[in-house]
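Since the structure comes first, as structure tokens, the remarks are kept for the end.
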Amino acid sequence: MIMLISPHLFSYFVLVTVFFFPPLQILSLLVSLSHCLGSCKDKDAAPSPPKIPSHSPYLLIGGGTASFAAARSIRARDPGAKVLIVTDEPDLPYMRPPLSKELWFSDDPSVTETLRFKQWNGKERSIYFQPPSFYINPEDLESAENGGVAVLLSKKVVHMDVRGNKVKLDDGTEISYDKCLIATGGVPRNLQVIERAGEEVMSRTTLFRKIEDFKSLDKVSRNVKSVTIIGGGFLGSELACALGRKSTESGLEVIQMFPERGNMGKVLPEYLSNWTTEKVKREGVKIISEALVKSVACKDDRLEILLKDGRLVKTDHIVAAVGLEPNVDLAKSGGLEVDSDFGGYRVNAELQARSNIWVAGDAACFYDIRLGRRRVEHHDHAVVSGRLAGENMTGASKPYWHQSMFWSDLGPDVGYEAIGIVDSSLPTVGVFAKATAKDTPKAATEESGTGIRSESETEDTATSPVASTAPAPVVGHKDDYGKGVIFYLRDKVVVGIILWNVFNRMPVARKIIKDGEEHADLNEVAKLFNIHED
Ligand SMILES: Cc1cc2nc3c(=O)[nH]c(=O)nc-3n(C[C@H](O)[C@H](O)[C@H](O)COP(=O)(O)OP(=O)(O)OC[C@H]3O[C@@H](n4cnc5c(N)ncnc54)[C@H](O)[C@@H]3O)c2cc1C
Ligand SMILES: *[C@@H]1O[C@H](CO)[C@@H](O)[C@H](O)[C@H]1NC(C)=O
Ligand SMILES: CC(=O)N[C@H]1CO[C@H](CO)[C@@H](O)[C@@H]1O
């Protein structure tokens with residue numbers, strides 16, 4: 001995800017990119033939730049209270065990617081199924097990756113309203129998985145002969161009664177279910193020093209997760225002179241590049257600071273992290289590395305960020321992209337276990353937390369039968385785990401094992417795909433070869449006919465075949481690391497792989513992870529990817 005896109009390009013879609021990341025936004029979410037608790041209630045209590053079904057055979061808590069994928073797979077396996085999604089957001093299910101990428105590169109001035117974006121190959125699409133006509137009204141769910149998927153917007157589940165198989169909403173309504181999925185995602189973390197700094201600082205801080213955050217940051221970026229992004233991971237790096245491009249148009253100063261030495265330093269080995277940092281700088285971003293924030297204050301109408309080593313940075317607005325806190329608010333009433341190491345609800349390899357209750361997406365700490373206990377914050381994982389939970393909820397007994405992947409593109413000419421545990425603190429072995437013009441994300445998406453490299457995304461949510469219209473320029477630029485394979489090792493076994501400018505070879509990588517063998521010579525293993533041959 002990271003996408004650093006170079007200025008002339010169209011946006012591409014990376015939808016899936018990467019991420020581990022963390023999503024963010026906790027505080028503002030809490031704030032908006034509490035507003036909602038107050039004001040939505042009043043609104044709803046007025047003339048026509050929405051009729052809420054008292055029972056739904058399938059109840060999905062949360063209206064994000066994992067819930068949507070589950071709804072689809074439930075309907076695919078059980079065509080008459082009645083599925084109710086309850087979400088505390090005011091929007092129908094949508095995908096988040098474009099919020100930090102493509103939407104910023106649109107030339108349509110009304111993009112904050114249309115929320116449409118151009119994929120890498122030029123095809124336009126919406127961030128919503130489906131148009132409103134796909135869904136049925138919640139009040140029609142119980143009587144709908146062929147079932148359907150209904151979404152209850154702006155309603156929060158606040159309590160679970162797992163013995164009685166029912167939940168309670170923030171307006172007091174109760175809904176009973178036969179099977180329930182918890183896909184509550186997470187809320188962005190903030191830095192304590194910002195929380196402690198008081199309201200003035202908080203009001204100039206964005207935690208980025210939702211549509212409304214995109215809208216508000218877009219506005220901020222037009223009205224201030226300097227924005228500072230804190231965080232060097234995918235989200236921070238993507239937003240830095242998105243805003244950096246604006247800086248060349250409007251003179252906005254864009255600063256990105258993080259504790260690591262280089263961008264994505266927690267994922268990429270140092271030499272690649274260094275390379276990526278140079279790439280981000282070329283996008284117009286001022287990088288301040290090895291930066292630990294000591295305090296933030298509001299002075300003379302500006303923010304002053306004091307670093308532990310004494311450096312002082314003045315700016316107008318902060319975007320904190322410092323990780324995600326999985327949302328486990330229902331653990332207590334549901335009697336559900338939260339994982340003490342990774343956070344999230346603990347589920348088994350079938351994503352089940354207790355009988356009739358499944359968890360998928362960012363909120364699930366699941367047992368990966370190959371790599372052990374994990375929690376994954378990626379689009380592709382949300383799709384795959386949501387789909388698996390949905391299948392299991394309908395009683396499918398097909399065995400299922402899938403290691404989700406993610407990708408990130410650094411503009412049209414450089415990109416990577418990753419699988420397994422990619423953590424720069426593990427030993428890595430990289431094998432590189434010289435790249436040719438074919439070894440670019442753009443060429444890969446053109447060849448495969450899709451703008452989306454996630455296998456799951458393609459299968460699950462791609463709409464119609466992609467017209468091969470627009471065309472973006474390619475790319476003359478070559479770096480030192482043309483293309484290659486980076487292996488991440490734990491106890492001599494390969495647990496993660498990054499394919500750097502090597503595309504369409506994910507099945508090979510997946511098999512290596514799955515086999516879990518020790519390899520004496522990784523150069524030999526790298527040959528399986530044919531990187532020297534084409
Ligand atoms: C800006 C951004 C860019 C990203 N880019 C990428 C990328 O390029 N590649 C990649 O792999 N991943 C990316 N991700 C991560 C990816 O979007 C997440 O992994 C994915 O959204 C997780 O899906 P989910 O369904 O688990 O949770 P979410 O999408 O967070 O959905 C959970 C929903 O549940 C709602 N909810 C929570 N509690 C309740 C409750 N009690 N009652 C009702 N509703 C509730 C929440 O408000 C939310 O709408 C990105 C994330 C962000 C924020
Ligand atoms: C990465 O960059 C830092 C300086 O920013 C340098 O000290 C370090 O040697 C570089 N590492 C590699 C492997 O090139
Ligand atoms: C139908 C099906 O696959 N159900 C499985 C769901 O997961 C539980 C265990 O977590 C199994 O016991 C079920 O057989």
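Fair warning: this is a prediction, and the values are worked out from it, not measured in the lab. Along the sequence shown, residues are numbered consecutively beginning with 1. We count ligands from 1, going down the list as the structure has it; atoms in each ligand are counted the same way.
The side chain of A382, and not its backbone, has at least one atom closer than 4.0 Å to an atom of ligand 1 (non-hydrogen atoms only; side chain from C-beta on). Contacts between D329 and ligand 1 below 4.0 angstrom, taking non-hydrogen atoms only, are absent altogether. Residue contacts with ligand 1, taken as heavy atom pairs separated by less than 4.0 Å, do not involve M95 at all. Here E377 has backbone heavy atoms under 4.0 Å from ligand 1, and that is the only part of it that gets that close.
With contacts defined as side-chain heavy-atom distances shorter than 4.5 Å, the pair V319/V220 does not qualify.
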N/O pairs closer than 3.5 Å, ligand 2 and protein:
residue  : atom   : partner : partner atom : Å
ligand 2 : 2 (O)  : N274    : OD1          : 3.1
ligand 2 : 2 (O)  : N274    : ND2          : 2.4
ligand 2 : 11 (N) : E270    : OE2          : 2.6
ligand 2 : 11 (N) : N274    : ND2          : 2.9
ligand 2 : 14 (O) : N274    : ND2          : 3.3

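In this structure, Y177 contributes its side chain and N356 its backbone to no donor-acceptor pair below 3.5 Å.
With sequence neighbours excluded, the residues satisfying side-chain hydrogen bond (donor to acceptor under 3.5 Å, both in side chains) with R374 are D368, Q403. Scanning for salt bridge (charged side-chain N to carboxylate O under 4.0 Å, His left out) contacts around D91 gives an empty result, with sequence neighbours left out.
Side-chain contact check for D218 and T112: no donor-acceptor pair (N or O, by modelled atom type) lies under 3.5 Å.
For residues 255-265, every residue pair satisfying the salt bridge (charged side-chain N to carboxylate O under 4.0 Å, His left out) rule, not counting sequence neighbours, is listed here: E260-K266, R261-E270.
Residue A363 has no nitrogen or oxygen atom sitting less than 3.5 Å from a nitrogen or oxygen atom of ligand 1, judged on distance alone.
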